[in-house]
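The structure appears right after this line, and notes come after that.
Just so we're on the same page: letters track the sequence lines, and every chain starts at 1.
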There are 2 protein chains.
Amino acid sequence: MTVTDNMLTCNCEGCELKSLFFENVSTLEIESICSRKVEREYQKGEIIIREGAEIHEFIYLKSGLVKLYHSGSNSREQIICFALPLDFVSLLSIFSEKRYIYSVAALEDSITCNIKMDEIISIATGNGRFALSLIEKVNKATDRIILDFLEVKQKRLYGRIAYILLYFAKSIYKSNSFDLPVSRKEIAEYIGMTVENVIRSLSDLRKDGIIKIFGPKIEIVDEGKLARIAELS
Amino acid sequence: MTVTDNMLTCNCEGCELKSLFFENVSTLEIESICSRKVEREYQKGEIIIREGAEIHEFIYLKSGLVKLYHSGSNSREQIICFALPLDFVSLLSIFSEKRYIYSVAALEDSITCNIKMDEIISIATGNGRFALSLIEKVNKATDRIILDFLEVKQKRLYGRIAYILLYFAKSIYKSNSFDLPVSRKEIAEYIGMTVENVIRSLSDLRKDGIIKIFGPKIEIVDEGKLARIAELS
DNA sequence: ATCAGGTTATGATAATTATCATACGGGAAT
DNA sequence: ATTCCCGTATGATAATTATCATAACCTGAT
């Protein structure tokens with residue numbers, strides 16, 4: 001992980017996230033935030049947030065792709081969700097807990113913008129509109145997670161595989177051809193099945209000519225069929 | 001559903017939820033809320049919030065027990081969670097959506113306190129501390145839901161049944177003997193299994209002498225064994 | 001270069017869960 | 001009282017998924 005000098009690389013003025021995120025915050029306050037924020041770069045695979053660590057910073061994703069996951073006491077890891085920049089990954093639980101109840105890791109090279117929690121809290125305390133916009137974003141993020149959980153839960157193996165493939169194609173890469181950013185094991189950790197069955201069902205989809213697999217690259221050949229599999233479980 | 005006259009039954013002064021919920025709100029503001037709030041009574045089985053309905057009110061549970069559930073497009077209902085008064089059921093999604101994305105129904109006779117959204121928003125706008133306390137509560141509620149989802153997800157049928165029985169005993173009724181507030185079907189909708197298998201596994205637990213079943217009444221006889229089943233899936 | 005460990009892959013088999021069928025009892029409506 | 005519907009209950013069977021075993025391949029470490 002690399003800490004980057006603000007002065008050189010980050011210009012909040014041109015940050016398209018700023019306006020989305022810090023709406024209702026005065027220019028003065030934004031400048032104050034900007035001068036004291038820290039930007040961090042993570043390479044694919046690096047851990048951004050470690051479950052159990054104390055929460056000191058408000059972190060949001062500027063670029064990249066991450067996974068949120070939970071390491072239950074003795075069991076294997078479970079992936080909660082994937083998140084792109086606009087999903088504001090760090091919102092979850094930071095206002096209610098002293099320590100993180102989940103971890104975040106980079107699935108692709110990622111850059112975060114980190115602001116001291118004190119600063120966010122102090123701004124929110126004096127600025128109800130900003131606080132409300134925070135609530136709205138927290139809500140959106142968690143609603144999404146819960147609805148996706150329900151969606152996946154009601155499907156069976158093949159439906160879940162089809163669902164996640166379409167999710168990557170539609171929501172993440174906006175293309176029917178993409179490099180899978182996760183291992184088969186991680187897919188298994190997300191949909192709650194075993195690695196072997198994930199691999200098997202991908203192979204089956206390939207044998208049926210619905211997808212093509214070239215190493216890490218996936219190509220959805222018959223989107224209609226895949227969508228039907230996702231729907232009909 | 002019965003709308004109750006404020007003057008007669010509701011005294012905000014004695015409401016133990018007020019202090020928890022409206023911390024950081026001035027006495028004046030509380031009085032304003034109190035005079036305009038509406039209290040509603042629901043009988044067991046009645047629907048409190050209907051998925052798809054417009055969100056106009058901020059609703060919290062004063063007494064009773066409810067279930068939150070989601071009716072996916074074509075599929076069967078899925079129960080998201082159960083909630084007691086202090087779980088502040090209505091927080092979920094109300095600040096991010098125009099319409100409810102889930103329903104709420106009373107599992108036991110319940111009373112809600114309803115406040116116009118406008119009023120909450122206007123207070124939060126002018127009072128960052130209150131807004132922050134709202135965020136905290138939204139976070140707590142959704143964290144709980146997500147963690148429980150993960151917990152249930154990693155278990156198998158018997159583990160899930162054991163888990164929910166212990167949940168009712170520990171979190172809801174604080175007793176190893178209680179009337180199940182839900183049907184077998186509703187348990188199935190929560191743990192994501194079929195009714196038949198829920199019934200079967202309850203029967204098996206009974207045959208093994210771990211629980212007793214008298215009609216709707218459940219008695220946990222061997223809590224240790226049940227806890228082990230819940231742990232070991 | 002070689003070894004260890006992890007990921008992908010496939011098969012055989014066991015375990016788990018769903019589906020279908022049937023039955024019984026209770027409550028609501030006629 | 002009778003009928004219908006719903007919830008509970010149980011069994012038989014089919015479908016789905018997990019587990020175990022094995023192997024090929026790749027990558028990082030020594």
Side-chain angles (χ1 to χ4, degrees), chain A residues 43-47 67 69 75-79 105 107 152-165 179-208 211-219 229-230 232-233, chain B residues 43-46 67 75-79 105 107 152-165 179-208 211-219 229-230 232-233:
Chain A
Q43 291 188 309
K44 184 174 170 141
E46 277 191 287
I47 291 180
K67 66 170 177 179
Y69 61 103
S75 77
R76 58 172 184 253
E77 282 173 3
Q78 293 178 283
I79 292 180
L107 293 176
V152 168
K153 196 175 178 182
Q154 71 188 27
K155 296 181 194 311
R156 300 219 217 70
L157 177 56
Y158 283 85
R160 292 180 187 183
I161 294 289
Y163 179 80
I164 197 176
L165 288 178
D179 279 10
L180 258 190
V182 293
S183 66
R184 313 288 193 263
K185 181 154 161 285
E186 286 171 310
I187 294 179
E189 286 168 355
Y190 180 65
I191 67 174
M193 305 258 160
T194 58
V195 198
E196 294 95 321
N197 279 330
V198 169
I199 291 171
R200 230 185 294 272
S201 53
L202 282 173
S203 296
D204 289 348
L205 287 176
R206 176 176 49 72
K207 284 171 197 160
D208 290 346
I211 64 172
K212 285 183 183 168
I213 306 177
F214 316 98
K217 181 174 230 90
I218 297 280
E219 189 190 327
I229 293 173
L232 305 175
S233 260
Chain B
Q43 290 187 310
K44 183 174 172 144
E46 276 190 287
K67 65 170 177 178
S75 76
R76 58 171 184 255
E77 283 173 2
Q78 293 179 284
I79 292 180
L107 293 176
V152 168
K153 197 176 179 182
Q154 70 188 30
K155 297 181 194 309
R156 298 219 219 67
L157 176 56
Y158 284 83
R160 292 180 185 183
I161 295 289
Y163 179 81
I164 197 177
L165 288 178
D179 279 9
L180 257 190
V182 292
S183 67
R184 311 289 193 260
K185 180 152 162 286
E186 285 171 311
I187 293 179
E189 285 167 355
Y190 179 65
I191 67 173
M193 305 258 158
T194 57
V195 198
E196 295 96 321
N197 279 329
V198 169
I199 291 171
R200 230 184 294 272
S201 52
L202 283 173
S203 296
D204 289 348
L205 288 176
R206 177 176 48 71
K207 284 171 196 159
D208 290 345
I211 63 172
K212 284 183 184 168
I213 305 176
F214 316 99
K217 182 175 230 89
I218 297 280
E219 189 190 326
I229 293 173
L232 305 175
S233 264

Completion exercise
B:Arg184 atom CZ is separated from C:dT17 atom P, nearest whole Å, by 18 Å
Practice task
Using whole Å, report how far CD of B:Glu196 lies from C1' of C:dA18.
Solution key: 8 Å
Exercise for the section: Specify the separation, in whole Å, of atom CG of A:Asn197 and atom P of C:dT13. Expected result: 17 Å
Exercise for the section: Rounded off to whole Å, could you give me the CD1-to-C1' distance for the A:Ile199 and D:dT19 pair? Expected result: 14 Å
Fill in the blank from the handout: Whole-Å distance, A:Asp179 CG to C:dT8 P, equals 13 Å
Handout entry: Short side-chain N/O contact from B:Arg206 to OP1 or OP2 of D:dT10, under 4.0 Å
Key = yes
Fill in the blank from the handout: Whole-Å distance, B:Asp204 CG to D:dT10 C1', equals 11 Å
Problem - Sidechain-backbone polar pair: A:Lys155 side chain, A:Ala230 backbone, donor-acceptor under 3.5 Å - result: yes
Exercise for the section: Determine: side-chain N/O of A:Ser203 to OP1/OP2 of C:dT8, distance under 4.0 Å, yes or no. Expected result: no
Handout entry: Whole-Å distance separating the CZ atom of A:Arg200 from the P atom of D:dA15
Key = 18 Å
Practice task
Could you go through the side-chain hydrogen bond (donor to acceptor under 3.5 Å, both in side chains) check for A:Asp204 and A:Ser201 one step at a time?
Solution key: CA-CA 5 Å; A:Asp204 289 348; A:Ser201 53; over 6 Å; no
Practice task
Check every atom of D:dT19, C:dT7, C:dT17 against the side chain of B:Leu157 and return the nucleotide holding the closest atom.
Solution key: C:dT17
Handout entry: Phosphate OP1/OP2 of C:dT19 contacted by A:Arg156 side-chain N/O (<4.0 Å)
Key = yes
Exercise for the section: Please determine, for the side chain of A:Met193, which listed nucleotide (D:dA18, C:dT19, C:dT17) has the closest atom? Expected result: D:dA18
Exercise for the section: Grab the CG-P distance between A:Leu205 and C:dT10 for me, whole Å please. Expected result: 12 Å
Exercise for the section: State whether B:Lys185 and B:Glu189 are salt-bridged, where the test is any N-O pair (Lys NZ or Arg NE/NH1/NH2 against Asp/Glu carboxylate O) under 4.0 Å. Expected result: yes
Problem - A:Tyr190 six-ring centre to B:Lys153 NZ/CZ under 6.0 Å and within 45° of normal - result: yes
